[in-house]
Amino acid sequence: MAVLLYRLGRSAHEHRNLVLGLWLAVLAALIACVGVSGGSTDDRFAVPGTESQRALDDLRETLPEAVGANAQIVISAPEGQRITDPRYGAVLAEATAAAQKAPQVSAAVDPLTSGAVSTDGSTAIVQVLYPVEYVDVEDSSVEAIEAIAEKAERDGLETSVGGTVYSSSGIHIGPSEIVGVGVAVIVLVVTFGSLLAAGMSLASALVGVGVGLTGLLALMPLLDISSTALTLALMLGLAVGIDYVLFILARHRQQLARGTAPQDSIALAVGTAGSAVVFAGGTVIIALAALSVIGIPFLTTMGLGAAGAVLVSVLAAITLTPALAGYAGARLAPKPGTPARRAADAGTGKPTLGTRWIRTTVKKPLITILVVAGALAAMALPAAGLRMSLPDNGSAPTGSTERLAYDKVSDEFGPGFNGPLLVLVTQDEAGAKTGAEVVQRLQGLKGVAAVLPPEPTSDPAQSVVQVIPAGGPDSTGTDRLVRDIREAAPGIEKTTDASLAVTGTTAVTIDLSNRLSDSLVPFVLIVVGLSLILLTVVFRSLLIPLKAALGFLLSVAASLGAVVAVFQWGWLADLIGVPHTGPVVSFLPIILIGVLFGLAMDYEVFLVSGIREEWVHTGRARRSVVDGARHSVRVVTAAALIMFTVFAGFVPLDDALIKPIAFALAVGVVIDAFAVRLTLVPAVLALAGRYAWWLPRELDRLLPDLDVEGTSLQKRPAGKHAKPRAHV
């Protein structure tokens, strides 16, 4: 691998005009494609193969209003008065009639007719139904409903608008993300001690992110791509793009400082640091692409979209970076006296902060291991209480109209009215007696607040019964109620000859969470197994892969513990603007595992490869840990800080899906880089001594030589025509 990348880096350097031109041409073509094709995001959550999804698909044909989008105009009378008073009844009738005429609306139901009036008579709900899903509801229709509510408010009533018509859409970019990128630039300037090098890193990364993101946008007319997939791709593309360029340029500048010619230096940097970049990027891509095996369409597009963004970032790092370095030439060399120059001259002069830290960790390695592992285990404890769901309007920003409506409905009608269950009743012949018996049986289940009369569909053999749970959509009681209805269904079928299927948004969300929960352990086993295999091949050791896998699991568990403490328990929730505490986003753990796995392998390779190189040269185990790690500490620290600032820049977003994911990734990067890789890893290697590098001879002969460290290039003579020894 190192030889191939060496040649690629040298070729990109020599043909820099062509390489830069191709990247810019691809970016321009994709931008033009997006401008012409248009397209919109698709934020639907479907879980193929589940009972709720099959019933939902049936109802789309026979009663689309039951599963289509809805809006709720929540209207309350002034304090001490009743909404049913004649003077307010006219306002309700006017609002219902106006909603009926709004674009795309199929029906608007007067609360005085439907009975959607609170027990104390203070609040009523005008239900607005659409025959299409919420992703197909136009903004003009929602604006028309909001205007109706504003008109009722001018008549002296308190109003808010909620319902499933409110959903996130589009890519999210705000001031916090710009600040995050700005902080990343500062980290680059401090690390390199050069505005030129920092600017080059950012330019290369931004071009890669631009190509990856516009590529996804160009595919929107052909594929169902969610807004969350776009935001995740942007977040990961920025983070890994800057980091990967940092690794290559840092190696290039070290070599320039030692007198290597620019063209040889950048080729060697791509062959060595670039090998680690390809390895790390490949692990992220594999882990993200593996999300497709779970069988959930939106998660598949999210994983593949993010994997595509990472792939483009890797390609930009190993081709565009050497091309841009060709324009700078020797000017990228660090100046004498700068921290970057001292890092390049490691081993001479005063020890750096990183060197002193590594020496501290290995001085008493057993104590270091016990303290750090114990602290991470303590952080992981809240993860035992992890609950998963998807956010709804209860997670919307405080003060938003959908959040006000959600809270008002919950207070006045009960939390279950925000997440009713639909029970599809299918029988050979339609019969009111059968429907009444089903309603009676459902009313007897624990956790049921109310059961509405059966509603017929266009299929005479079908009817829909709406069940109002006693708890909210994300409560454990509602989850249990769905299971109880399904367990009771066979008994009801025996006595009524009617089959039951539980569906609706709440049931789909529960089935999605259960599917992801069931997939979590197999996914972890796949990722950990992959890490064991890859690191065994790279480092020719049994202990290092095992240590890396255990450290990775500690990082994930501690990160999930922090997420549960903040987003589920409410610790420090106000500090980061969490509007509602409750279950964690269903797909957060799998996304965290996939992304953090690649980043952990990234830091592992950069840190341990230097230690292994020293061990091979000197054979002194503990000394190799200090001397080998000090070359990488500064770069790994900078890379982790950049990752953290980019991910943290997305935390302030008012997006209930992205906020916890960004928080988990930011915390995970800090834990894995500083607590695990820069603390636990040196301590474990120092404690293990020479046994850290043991590998059975038979296994050593069987494993391929990937040459991620670029060993074949270390003694390569400078010059364009030298032929390095080939490796796999």
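The residues of the chain are indexed from 1 along the displayed sequence. Computed from heavy atoms alone, side chains included, the values below leave out hydrogens, waters and symmetry copies.
If you check the side chains of Ser204 and Thr321, you find a donor sitting under 3.5 Å from an acceptor. Inspection of the Ser513 and Ser586 side chains reveals an N or O donor paired with an N or O acceptor under 3.5 Å.
Between Phe587 and Leu657, the closest side-chain pair of non-hydrogen atoms falls below 4.5 Å. Between Phe539 and Ile611, every side-chain heavy-atom pair lies at or beyond the 4.5 Å cut-off. Within the 4.5 Å cutoff, side-chain heavy atoms of Ile593 are placed close to those of Leu520. Phe298 has its side chain within reach of Leu512: a pair of non-hydrogen atoms, C-beta onward, lies under 4.5 Å apart. No side-chain heavy atom of Ile661 sits less than 4.5 Å from a side-chain heavy atom of Leu592. No side-chain heavy atom of Val676 sits less than 4.5 Å from a side-chain heavy atom of Phe552. When side chains are defined from C-beta on, Leu324 counts as touching Leu20, because their heavy atoms get closer than 4.5 Å. When side chains are defined from C-beta on, Arg515 counts as touching Ile294, because their heavy atoms get closer than 4.5 Å.
Using a cut-off of 4.0 Å between Lys/Arg side-chain N and Asp/Glu carboxylate O, Lys547 and Glu604 are scored as salt-bridged.
Ser531 places a side-chain N or O within donor-acceptor distance of the main-chain N or O of Val528, the cut-off being under 3.5 Å. In terms of modelled atom types and a separation under 3.5 Å, the side chain of Arg253 and the main chain of Ala250 share no donor-acceptor contact. Of the possible polar contacts, one joining the His15 side chain to the Ser11 backbone as a donor-acceptor pair under 3.5 Å is found. Arg540 contributes a side-chain N or O that, together with a main-chain N or O of Val537, makes up a donor-acceptor pair within less than 3.5 Å. Between the Arg251 side chain and the Gly274 main chain, no donor and acceptor come within less than 3.5 Å of each other.
For the atom pair CE (Met379) and CD1 (Ile671), the distance works out to 3.5 Å, reported to the nearest 0.5 Å. Note: Thr231 OG1 to Leu213 CG = 8.5 Å, rounded to the nearest 0.5 Å. Atom CE of Met601 and atom CG of Leu530 lie 9.0 Å apart (nearest 0.5 Å). Between atom CG of residue Leu560 and atom CZ of residue Phe567 there is a gap of 12.0 Å, rounded to the nearest 0.5 Å. A distance of 12.5 Å separates CE of Met388 from OG1 of Thr509, quoted to the nearest 0.5 Å. Of the inter-residue distances, the one linking Arg634 atom CZ with Gln254 atom CD reads 10.0 Å to the nearest 0.5 angstrom.
For the residue pair Val669 and Ala640, the shortest heavy atom distance occurs at CG1-O, 3.5 Å. Minimum interatomic distance between Ala629 and Leu607 (heavy atoms only, all atoms of both residues): CB-CD1, 3.8 Å. Nearest heavy atoms, Leu30 versus Val211: CD1-O, 3.5 Å. Minimum heavy-atom separation, Leu249 to Ser201: CD1-OG, 3.2 Å. Across all their heavy atoms, Lys659 and Ile576 have their closest contact at NZ-O, 3.1 Å. Here the closest non-hydrogen pair linking Thr214 and Gly210 is OG1-O, 2.6 Å.
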Apply the test side-chain contact (heavy atoms from CB on, under 4.5 Å) to residues Asp672 and Leu599: give CA-CA distance (whole Å), side-chain angles for both, the deciding distance (0.1 Å), then the verdict. CA-CA 9 Å; Asp672 194 81; Leu599 302 183; 5.9 Å; no
Are Thr361 and Leu678 close enough, and set up right, to give a side-chain contact (heavy atoms from CB on, under 4.5 Å), and what steps lead you there? CA-CA 9 Å; Thr361 62; Leu678 294 180; over 6 Å; no
Would Leu542 and Leu699 count as a side-chain contact (heavy atoms from CB on, under 4.5 Å) if you check the C-alpha gap in whole Å, the side-chain angles of each, and the deciding distance to 0.1 Å? CA-CA 10 Å; Leu542 292 181; Leu699 184 58; 4.0 Å; yes
Taking it one step at a time, do Thr319 and Trp23 satisfy side-chain contact (heavy atoms from CB on, under 4.5 Å)? CA-CA 9 Å; Thr319 60; Trp23 275 100; 3.1 Å; yes
Side-chain donor-acceptor pairs under 3.5 Å in residues 236-244, sequence neighbours left out?
residue : atom : partner : partner atom : Å
Tyr244  : OH   : Gly281  : N            : 3.4

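Below 30°, between 30° and 60°, or above 60°: for Trp693 and Trp615 the angle between ring planes is below 30°, a parallel geometry.
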